[in-house]
2 protein chains.
Amino acid sequence: MDQVEIFKALSNKTRLQILGWLKEPELNFPEQPNADFENIGVCVGQIQLKSGLSQSTISEYLSILQRADLISSTRLGQWTYYKRNKEGLKKLSEIINTEL
Amino acid sequence: MDQVEIFKALSNKTRLQILGWLKEPELNFPEQPNADFENIGVCVGQIQLKSGLSQSTISEYLSILQRADLISSTRLGQWTYYKRNKEGLKKLSEIINTEL
DNA sequence: TTGGCATATCGGGAAAAGTCGATATACATT
DNA sequence: AATGTATATCGACTTTTCCCGATATGCCAA
């Protein structure tokens, strides 16, 4: 994954917020039946609702974050759940500490 | 400083390279008379030369990085020297570790 | 198998970023 | 004061990003 793409993914207010929300899903999203926040994540609809942006925009933003390895997704039935990707975030932290 | 602006500053290949070069100036730039790399930094002309981009572009890139608190500048005579800003980089690392 | 949701993808218009050459400014030397 | 050199700013053009509505796809229930 290109480093520039990681920073591009982070250079948007809404996308940064999404990552922040996913860090503490219990605080930022309503209770979810049949899907543990920690293991599975938060579904697209909830994230969209919270963001106030259109469905298509949020879907695209999530895929940008995923391509940058900052989040990962799980499909369950008709829902897609997204959660933080700890490895990707750790790698980013290392880039900053060792290369910049 | 807005977090988004920090990530925008980093979402460009050349600007990332500049930060990398400034991390180890002795390895990346020729000897400089009258200006210690550690204390004062590297002058704009050397950075431009190494980047291959135009003078105006590099001047602007350096000011983008400076506005994001990632580098700082010192004017000495007709030269402006830029160096890494450790505090800003540390703050960035903390943002990633605590907010994302 | 038809209809209804949830999500993804497509096409596009507006705004921002990338990058340049030309010009301005600031300082140093003669 | 005039010239030369280093850097900054301006104006313009091209490319990319933002964000939307419309449409497609995938899955489930009746």
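The figures that follow rest on heavy atoms only: side chains count, while hydrogens, waters and symmetry mates do not. Below, chain A is the first sequence line, B the second, and so on; all start at residue 1.
Rounded to whole angstrom, the span from the CG atom of B:L62 across to the P atom of D:dA6 amounts to 16 Å. Look at CD on B:Q66: it is 13 Å from C1' on D:dT7, rounded to the nearest Å.
Counting any heavy atom pair closer than 4.0 Å across all strands shown, B:Y81 reaches no nucleic acid atom.
Residues satisfying the side chain to side chain contact (heavy atoms under 4.5 Å, CB included) criterion with A:T14, sequence neighbours excluded, are A:N12, A:Q17, A:I18, A:S51, A:L53, A:I58, A:Y61. Under the rule for a side chain to side chain donor-acceptor pair (under 3.5 Å), A:T74 has no partner lying at least two apart in sequence or in another chain. Partners of A:K83 according to the side chain to side chain contact (heavy atoms under 4.5 Å, CB included) rule, which considers only residues two or more places apart in sequence or in another chain, are A:S72. Taking the side chain to side chain donor-acceptor pair (under 3.5 Å) definition, one finds that A:Q66 meets it with A:S73, sequence neighbours left out. With sequence neighbours left out, the side chain to side chain donor-acceptor pair (under 3.5 Å) criterion links B:S11 to no other residue.
At a cut-off of 3.5 Å, with distance as the only test, no side-chain donor of B:S59 or B:S56 sits close to an acceptor on the other residue.
Screening residues 8-28 of chain B for salt bridge (Lys or Arg N to Asp or Glu O under 4.0 Å), with sequence neighbours left out, gives B:E5-B:K8.
Within residues 73-80 of chain A, the residues that place at least one heavy atom under 4.0 Å from DNA chain D are, in residue-number order, A:G77, A:Q78. The stretch residues 36-48 of chain A has no heavy atom under 4.0 angstrom from DNA chain D at all.
Taking a 4.5 Å side-chain heavy-atom cut-off between Ile, Leu, Val, Met, Phe, Trp and Tyr, the cluster of B:I40 extends to B:L76, B:W79, B:Y81.
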- Letter by letter from the 5' end, nucleotides 12-25 of chain D scores (B base, S sugar-phosphate only, - none; protein heavy atoms under 4.0 Å) -----SSBBBB---
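Residues A:I47 and A:F29 have side chains in contact (heavy-atom distance under 4.5 Å, counting atoms from C-beta outward).
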Atom pairs and distances, donor-acceptor, side-chain atoms in residues 89-100 of chain B, under 3.5 Å, two or more places apart:
from: B:S93; atom 1: OG; to: A:N97; atom 2: OD1; distance (Å): 3.2
from: B:N97; atom 1: OD1; to: A:S93; atom 2: OG; distance (Å): 3.2
from: B:N97; atom 1: ND2; to: B:S93; atom 2: O; distance (Å): 3.1
from: B:T98; atom 1: OG1; to: B:E94; atom 2: O; distance (Å): 2.8

